[in-house]
Amino acid sequence: MIKKVLTWLGIAFLIFFIAFNPNSAAAVFESLGSTIGDIARGFGTFFTNLVA
């Protein structure tokens, strides 16, 4: 029950953040996307070097 409430609160906060601070929200998501891309590139390089 608590997990469900916290999930809905998180979603509500996310919607509020995007609605009232769209520029900041875009910067946060751009940063997260860049970080995920860097992690994926790191794994790719690791496995490439592991096999080669």
Side-chain angles (χ1 to χ4, degrees):
M1 178 69 181
I2 253 219
K3 184 179 178 182
K4 192 174 189 178
V5 170
L6 290 176
T7 300
W8 281 109
L9 284 174
I11 292 170
F13 175 75
L14 185 63
I15 291 170
F16 176 82
F17 183 60
I18 292 171
F20 288 100
N21 293 316
N23 292 333
S24 297
V28 167
F29 282 104
E30 182 180 350
S31 175
L32 286 173
S34 176
T35 301
I36 291 170
D38 290 342
I39 290 170
R41 258 189 302 287
F43 274 107
T45 301
F46 170 76
F47 285 114
T48 299
N49 291 335
L50 187 65
V51 173

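Sequential numbering from 1 along the given sequence is applied to the chain's residues.
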Same apolar cluster (I L V M F W Y, side chains within < 4.5 Å links), Leu50/Ile39 = yes
query = Under a single-linkage definition using a 4.5 Å side-chain heavy-atom cutoff for Ile, Leu, Val, Met, Phe, Trp and Tyr, are Ile15 and Trp8 assigned to the same hydrophobic cluster?
reply = yes
Atom pair CD1 (Ile36) and CZ (Phe29), whose distance is rounded to the nearest 0.5 Å = 10.0 Å
Euclidean distance, Leu9 CG relative to Lys4 NZ, rounded to 0.5 Å = 13.0 Å
key: Backbone N/O of Lys3 and side chain of Thr7: donor-acceptor pair under 3.5 Å   = yes
message = Is it the case that the side chain of Ser31 and the backbone of Ala27 share a donor-acceptor pair, with hydrogens and angles ignored and the cut-off at 3.5 Å?
response = no
inquiry  = Over 60° means perpendicular and under 30° means parallel, so tell me whether Phe17 and Phe13 are parallel, tilted or perpendicular.
reply    = parallel
Side chain to side chain, Asp38 and Arg41, heavy atoms closer than 4.5 Å = yes
